[in-house]
Structures are given as C-alpha cells and as structure tokens.
Amino acid sequence: MAIIKCLPGTKSLKNQLKYLEKEGKTSEELKDGINCTTDNVEKEFNIVKEMYNKKEGKQYYHYTQAFNPEDKINPEKAHEIGREWIEKNIKGHQIYMVTHVDKEHIHNHFLINSVSIEDGKKLQINPKKLEKMKIESNRICEREGLTKINLNKKNEIFKTDGEYRIEKRGQETWKGELREVIELELKNSKNLEEFRENLKEKYDVETRVTKNTISYKHPTQKKSVRGKRLGENYTKESVLNEFNKQADRTISEGNNRGREKSISERSVEGVKQNKQTRIREQSSEGNLNRVYGSIGEIEKGAKQFSIKAREEEQRSRKEDEGVRREQQNARKEREQRAREDRKKYKSRGFNIER
C-alpha cells in the first residue's frame, strides 16, 4: 500500500532541499534526478524559470508516497517504484526524488519544478488528475504484491501525522476535542441553528457557515478549521444529512405510533364485539359451531394486532378455551348421565330405543 499526499510548498526551495537531504533521513543511492542532476537542483530549476520568464507564483510541487510498514518493502524497491510512478504521471518537468528511511514507514519525496522544461507551461494537477495518479500507484503496488488502499472510501475522520504523534504520546489534541463535542451535539440538536447554539453556549466553540462549508473554532485556537479537515463526518453536507435523517426517523416513528394506536383501538374494539357475540352464542348450548367459528376469527385476526392487542386477544383466547372446556365437560356429563339412565331404564324393562 502506498499513500499519496500533496504537501503545501510553503518553504523556499532551498529550505525544502535542506530538509529532504538532512543527515539520517536518506543516502546518496536513494536520491534521483529526472531531467536534472541531484547536485544543483535549485539552480537548474531556476534556470528553466528564467528561460521562460516564469519566476513568479508557485515555485514547485511537493508529493509524498508512503508505504505500509507491514508490506516489508526495502528502500531500494520503494525508490524503484517511486521513480516508475512519477515518470508515468509527470512528463516534461524536472523532478528531484528522495527516499526517506528515518521512520517506520519508508516513503518517497518528489519535488517537481512548476515550469515545464519543454514548453514553459505551468504544471496543473487538479483533483481528477491526482485521483488518476493514485490509481496508478495502486496498480503498481498490486503488481508488486503490496497492499492497496481503498480510493472509494472517504476519510470519515481525517487526522494529520502531527495528531497521530500527539495521540501516540497519550495526549488529546484540540481537533480531537472538537470532533468529540461535534458528535455529541449532533445527537442533542434538531437542526443546524440549534447545533451551532449548543456548541457556542456549552463549549465556547464558534462556527462559521457558508454556502458549501462549515468551520469550527476551538476556544484555545486563533484560527478556525474547516469540517473537511476534521473528516467527512464533520462537513456541512454530513451535518445537514444527519439532521435530515433524524427528521425522517421522527416522522417514521410518529407514523408507526399512529398506526399502532389505530390498529390497537380497532383490535380492542373487535375483541369487545367478539366477546359480546360469544356471550350471546353461549346462551344456546346447541350453537357450539358458531362459538368455535367466532374463536377461529379471533385467532385469525390476532396476527394483525399490535402488542397490546395481541395480549388482550391472548387473554380472550384463554377465556374461550375455558368456556369450551366447560361446555365439553358439561356435554360429557350429560352423555354419561344418559348412558347411566339407559342402563337404569333397561334394568327396569323400558324399551328406550323407540
């Protein structure tokens, strides 16, 4: 797996070169120049800029390609993969490449002259181009038996290397604190306005909302941070989506409660009517079939009842069973008495078969 990052070129080229070549980070065999030498990078970059009169604006691009420590890749192989990757994606520009081995993960650095050596045009790398570069890195890693990264999954929580280092020391970061209170108030708020008010009143976290973004300002920090820099879960889009989901759940739960209440009321009323019918039917011992039919209807309708209605129906069913057992017992007793009467009458000489 190789993670590709575009780093801000805020340092001067001279200072950036000093950092890349710092003792202990790399070695001579892990330095490479494409369309330039490794000894006079700054001078050669500037010659091209002067040649095309492009000395203003962005001076260079800085990319890194970091490998997973679990892949057990050696520095030479990482350097080889890095050179293949950058040559396939950036053409006609001077590139200085250095492989660093001072951290647990081996990683390549690429400094790219912003001015083309072939036609003097400025380098343009938009998000679509960067996505293609990442896909190409994935393809090479797969070919070499290295793990790939999932390019389709957004970073729900985005952390910088600095955050990871602080957390590794067992310390909490201010961005971590922001994520914690944001997640808490997303659950406690009903809409964006209430969400912003709660953050301000409870935690003194200020928010700024534009057409497409939301920014958060930690009370100990001078500057705000955009939600995307905290992770996809904290963007304006994600926050609004969460409130929409909550509203949909509330409406759905309300509709369900209304349906359950309506069904329950109808079910209870049906049970009452069935009881009254059953009582009338039970007044005649000869109408057992109608009683059983009524019981069957109750049992059939029980599937549509709510929990409370089903409990009521179960109690009714037990009553029905009790009535039926009593009737069966009464019938058996009558039949038993009839048999005994037959024996008694026969013993007295009566012909009871007529």
Side-chain angles (χ1 to χ4, degrees), residues 2-67 73-103 105-138 140-141 160-162 165 223 226 229:
I3 298 176
I4 307 298
K5 286 185 180 181
C6 177
L7 303 182
T10 53
K11 292 182 180 180
S12 67
L13 181 58
K14 183 177 182 179
N15 287 335
Q16 190 64 70
L17 288 168
K18 283 182 179 180
Y19 168 76
L20 294 185
E21 297 172 347
K22 192 174 181 180
E23 186 177 355
K25 288 185 174 293
T26 187
S27 57
E28 287 301 318
E29 60 269 19
L30 297 177
K31 299 176 184 178
D32 225 336
I34 300 171
N35 295 324
C36 66
T37 67
T38 60
D39 298 328
N40 296 292
V41 177
E42 183 181 12
K43 183 177 180 180
E44 293 178 31
F45 274 29
N46 287 334
I47 288 174
V48 173
K49 290 185 177 71
E50 290 173 358
M51 184 170 60
Y52 291 102
N53 195 25
K54 295 284 184 69
K55 294 184 287 184
E56 303 298 325
K58 193 173 185 66
Q59 298 298 298
Y60 65 92
Y61 284 84
H62 184 189
Y63 283 87
T64 61
Q65 182 185 40
F67 296 91
I73 189 171
N74 61 52
E76 291 73 24
K77 189 64 178 179
H79 190 85
E80 178 187 325
I81 289 174
R83 175 156 185 142
E84 177 185 353
W85 172 74
I86 201 67
E87 285 184 324
K88 284 185 176 180
N89 288 280
I90 305 295
K91 299 183 183 299
H93 286 261
Q94 296 163 302
I95 303 169
Y96 179 52
M97 174 186 170
V98 178
T99 301
H100 279 185
V101 295
D102 59 321
K103 294 184 178 180
H105 60 284
I106 296 173
H107 55 285
N108 296 319
H109 286 265
F110 308 90
L111 294 186
I112 309 168
N113 193 348
S114 58
V115 179
S116 170
I117 195 172
E118 294 179 349
D119 55 19
K121 291 182 178 180
K122 280 289 190 82
L123 179 63
Q124 300 293 330
I125 300 180
N126 56 34
K128 188 174 181 180
K129 168 68 174 176
L130 181 58
E131 187 71 12
K132 289 182 178 179
M133 292 169 68
K134 291 179 179 181
I135 291 172
E136 179 62 26
S137 176
N138 250 5
I140 297 174
C141 287
T160 63
D161 291 340
R165 287 194 294 270
K223 294 183 179 180
R226 281 193 178 184
R229 300 302 298 172

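The chain is numbered in sequence order, starting from 1.
Contact check for Leu7 versus Tyr63: no side-chain heavy atoms found under the 4.5 Å cut-off.
Between the CD1 atom in Ile95 and the CD1 atom in Ile86 there is a gap of 4.5 Å [rounded to 0.5 Å]. Separating the CD atom in Gln94 from the CD1 atom in Ile34 is a distance of 11.0 Å, to the nearest 0.5 Å. Taking CG from Asn46 and CD from Gln59, the interatomic distance works out to 7.0 Å, rounded to the nearest 0.5 Å. In this structure, SG in Cys36 is found 11.0 Å from CD1 in Ile47, a value given to the nearest 0.5 Å.
By the 30° and 60° cut-offs, the orientation of the rings of His100 relative to His109 is tilted.
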For a side-chain contact (heavy atoms from CB on, under 4.5 Å) check, start with the C-alpha distance between Leu111 and Gln16, then their side-chain angles and the critical distance, and finish with the verdict. CA-CA 9 Å; Leu111 294 186; Gln16 190 64 70; 3.8 Å; yes
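The two residues Tyr60 and Lys58 come nearest to each other via the heavy atoms O-CE, 3.4 Å. Taking every heavy atom of both residues into account, Ala66 and His107 meet most closely at CA-CB, 3.7 Å. Looking at every heavy atom in both residues, Thr26 comes nearest to Leu20 through CG2-O, 3.7 Å.
Relative to the six-membered ring of Tyr19, Lys11 meets both conditions, a distance below 6.0 Å and an angle of at most 45° to the axis.
Heavy atoms from other residues, nucleotides or ligands lying under 6.0 Å from CD of Glu29 number more than 12.
Side-chain atoms of Asp32 and His79 form a donor-acceptor pair, as typed in the model, at a separation below 3.5 Å.
Scored by the side chain to side chain contact (heavy atoms under 4.5 Å, CB included) test, Glu136 finds Trp85, Lys88, Asn89, Arg139, Ile140 as partners (sequence neighbours excluded). Scored by the side chain to side chain contact (heavy atoms under 4.5 Å, CB included) test, Val115 finds Val48, Lys49, Tyr52, Lys54, Asn113, Lys122 as partners (sequence neighbours excluded).
A salt bridge does not link Lys134 to Glu131: none of the charged nitrogens lies less than 4.0 Å from a carboxylate oxygen.
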